[in-house]
There are 2 protein chains.
Amino acid sequence: MTPLFYREQEKFYVSVDCIILGFKDGKLYLLISKRKFEPQEGQDTLMGGFLRSDESLSETVSRVVLEYTGIQDVYMEQVGTYGEIGRDEGERVVSIAYYALIDLEMFDENVCEIHNARWEEVEKVGKLVFDHNQMLRDTIEILRRKTATQPIGFNLLPEKFTLPQLQALYEAIYQTTLDKRNFRKKILEMEILEKQDEKDKSSSKRGAFYYTFNKEKYDQLLQKGYYFSL
Amino acid sequence: MTPLFYREQEKFYVSVDCIILGFKDGKLYLLISKRKFEPQEGQDTLMGGFLRSDESLSETVSRVVLEYTGIQDVYMEQVGTYGEIGRDEGERVVSIAYYALIDLEMFDENVCEIHNARWEEVEKVGKLVFDHNQMLRDTIEILRRKTATQPIGFNLLPEKFTLPQLQALYEAIYQTTLDKRNFRKKILEMEILEKQDEKDKSSSKRGAFYYTFNKEKYDQLLQKGYYFSL
DNA sequence: ACAAAAGTGTTCAAAGTACACCCATGT
DNA sequence: ACATGGGTGTACTTTGAACACTTTTGT
């Protein structure tokens, strides 16, 4: 039963917008699609969905991400909430932005086609509807800060990855180039990566060793007060 | 006119909760009050208010902060949005948390009494209603990160402040002690503080020189690519 | 044999950290 | 005169940044 005081209040549409990011060939990609209803039908947009009363916010995000990528259990973080009065021209909508990091190898191309969705290089994204460009900018800023201090970048890579791949990922996020030796030294001395016996020969003749991220070791480090930093 | 697709969606109560922080005598204080309606009437709570359709989120925060402190134009930042289904036992409410930093010297004691509000040491805050303790924890974490990289701490101090005061502020935020000489060296070499001729004699016989934060100088530094860091 | 990416250490500069004494003033 | 908090500089350690050559292997 709704308390009396609440009933005097106004209600609002609440949506989530998802900044779904993937990484491939040294570049960050954003999943965008054409908006399927008015206003701004046909324009490029982030993936979004309205909050339902039987869902928490993160459940709404999971639903949207699953719908557009076919992937479950993705890493996600809240970016912020956008509540300007006129931000959605259709109606007053308060939107909570989340970013999700996915491994593009898990991505289902068919799901993509169904929704007219496509992967666009983050650096080449054009005008999106409403304040979605702002959401993307805010995401990149958060991602840069967060990847520098927490090992979340691995969510954008397959379970097994090579150090050149990992370095390329950081270079794509920071939009800079890093020194190979310094990068390897720093990431390896944290001892959170496990070297595998196999090599990835897809990008060189010599091949690069695969590594995996060892979450247990990382958690142990945290216990001891060490911090991830790159 | 509301687009058709929107009309099929559910609407929700949207509120803001404000983590209003002040600084005095070397300690951080949080403004809390007794909840004035059910559920959990009489329990300690953050300051909050429901979003109205003629307000943006930050306008709602400003309204709430003004109502409980009598202060306008406060520094505020979004902390995050809390949308678990059962977080508010009364009804489904999506709440956006903001923290606000205020100069306690500007604070109007009368406003406080009217609302049964009081300042509680952050380190001694007990159980608050719903997920308000989580909001406070998230705020402190954000505040620590943010004050280390941006000059926002000054919002908690009067326009004129002393270096011992400023150091005590950082010590309260980080819950640590800092070396006096290192602290002064670092903050002064940024050249964003203006030394005044007057001294504050309230806390020592010798007196400590007042300083003011020079925002123009700070902005110039930003232009040149320098960053604030402590 | 050569092209192309993977892998490897050392030196130098900068920043952070630790540390102890004198100063000014009200009582 | 003394107690109290304000103010100051240097040495050492740690961290970050720059930098070039050898290895492997498919063609």
Side-chain angles (χ1 to χ4, degrees), chain A residues 24-27 144-145 147-149 157-158 160-172 174-191 193-212 221 224-230, chain B residues 24-27 144-145 147-149 157-158 160-172 174 176-212 221 224-230:
Chain A
K24 200 180 172 188
D25 300 332
K27 291 184 206 118
R144 284 183 180 153
R145 187 165 30 71
T147 49
T149 55
L157 295 173
K160 293 179 192 174
F161 52 86
T162 68
L163 293 185
Q165 260 185 302
L166 185 63
Q167 180 176 345
L169 170 62
Y170 277 90
E171 290 178 334
Y174 299 137
Q175 286 290 295
T176 183
T177 56
L178 299 172
D179 181 275
K180 195 174 20 164
R181 282 169 291 188
N182 293 338
F183 178 83
R184 299 171 73 100
K185 194 193 317 168
K186 196 152 184 189
I187 193 86
L188 288 176
E189 76 189 5
M190 283 190 255
E191 299 188 318
L193 297 188
E194 302 281 358
K195 189 174 184 176
Q196 308 298 117
D197 295 328
E198 306 163 77
K199 281 183 166 186
D200 168 26
K201 296 223 167 191
S202 65
S203 65
S204 78
K205 289 154 189 175
R206 180 177 177 178
F209 280 104
Y210 280 117
Y211 286 78
T212 57
L221 281 186
K224 293 184 204 155
Y226 289 96
Y227 292 100
F228 179 93
S229 89
L230 241 170
Chain B
K24 199 178 174 189
D25 300 332
K27 291 183 206 122
R144 284 184 179 154
R145 188 167 28 69
T147 49
T149 55
L157 295 172
K160 292 180 192 173
F161 51 86
T162 67
L163 293 186
Q165 260 185 300
L166 185 62
Q167 180 177 343
L169 170 61
Y170 277 91
E171 290 178 333
Y174 300 139
T176 184
T177 56
L178 299 171
D179 181 273
K180 195 174 22 166
R181 280 170 291 192
N182 294 337
F183 178 83
R184 298 171 73 99
K185 194 193 314 169
K186 195 152 183 189
I187 194 84
L188 287 175
E189 77 189 4
M190 284 190 254
E191 298 187 319
I192 55 176
L193 298 187
E194 303 281 357
K195 189 174 183 175
Q196 307 297 119
D197 295 328
E198 307 162 77
K199 281 182 167 186
D200 168 27
K201 298 223 168 190
S202 65
S203 63
S204 78
K205 290 153 187 176
R206 179 177 178 176
F209 280 105
Y210 280 117
Y211 286 79
T212 58
L221 281 187
K224 294 185 204 154
Y226 290 96
Y227 293 100
F228 179 93
S229 87
L230 240 172

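Letters go in sequence order (proteins before strands), and every chain restarts at 1.
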Distance in Å, [X] [atom1] paired with [Y] [atom2], rounded so as to fall on 0.5 Å steps:
X         : Y         : atom1 : atom2 : answer
Tyr211(A) : Lys160(A) : OH    : NZ    : 14.0 Å
Leu178(B) : Tyr170(B) : CG    : OH    : 10.0 Å
Gln167(B) : Arg184(B) : CD    : CZ    : 8.0 Å
Asn182(B) : Leu230(B) : CG    : CG    : 11.0 Å
Lys195(A) : Phe209(A) : NZ    : CZ    : 4.5 Å
Phe183(A) : Leu166(A) : CZ    : CG    : 4.0 Å

* Can you check whether Lys180(A) has a side-chain N or O nearer than 4.0 Å to OP1 or OP2 of dT8(C)? -> no
* To do: With side-chain contact (heavy atoms from CB on, under 4.5 Å) as the test, would you mind laying out the steps for Leu163(A) and Leu188(A) before giving the verdict?
  => CA-CA 10 Å; Leu163(A) 293 185; Leu188(A) 288 176; 4.1 Å; yes
* To do: Classify the nucleic acid contact of Lys186(A) as base, sugar-phosphate or nothing, counting any heavy atom under 4.0 Å across all strands shown.
  => sugar-phosphate
* Reckon Thr162(A) touches a base, only the sugar-phosphate, or nothing at all at heavy-atom distances under 4.0 Å? -> nothing
Whole Å only: how far is the [atom1] atom of [X] from the [atom2] atom of [N]?
X         : N       : atom1 : atom2 : answer
Phe183(A) : dT8(C)  : CZ    : P     : 14 Å
Lys201(B) : dT27(C) : NZ    : C1'   : 13 Å
Tyr211(A) : dA6(C)  : OH    : C1'   : 10 Å
Lys195(A) : dG7(C)  : NZ    : C1'   : 9 Å
Ile187(B) : dG16(C) : CD1   : P     : 13 Å
Glu198(A) : dA6(C)  : CD    : P     : 17 Å

* Which two nucleotides bound the region of DNA chain D that has atoms under 4.0 Å from heavy atoms of chain B, read 5' to 3'? -> dG5(D) to dT10(D)
* Structure fact -> By nearest-nucleotide position on DNA chain D, the 5'-leaning member of Leu163(B) and Ser229(A) is Leu163(B)
Kindly give the atom pairs (protein nitrogen or oxygen, nucleotide nitrogen or oxygen) under 3.5 Å for nucleotides 9-14 of chain C.
unit_1, atom_1, unit_2, atom_2, d
dT10(C), O4, Lys185(A), NZ, 3.1

* Do the side chain of Gln175(A) and the main chain of Ala172(A) share a donor and acceptor less than 3.5 angstrom apart? -> yes
* To do: Name the closest nucleotide to the Lys205(A) side chain, picking from dA6(C), dA4(C), dT25(C).
  => dA4(C)
* Asked: For atom CD of Glu191(B), is the number of surrounding heavy atoms from other residues, nucleotides or ligands below 6.0 Å larger than 12?
  -> no
* What about Arg206(B), does its side chain sit under 3.5 Å from the base of dA24(C) through a donor-acceptor pair? -> no
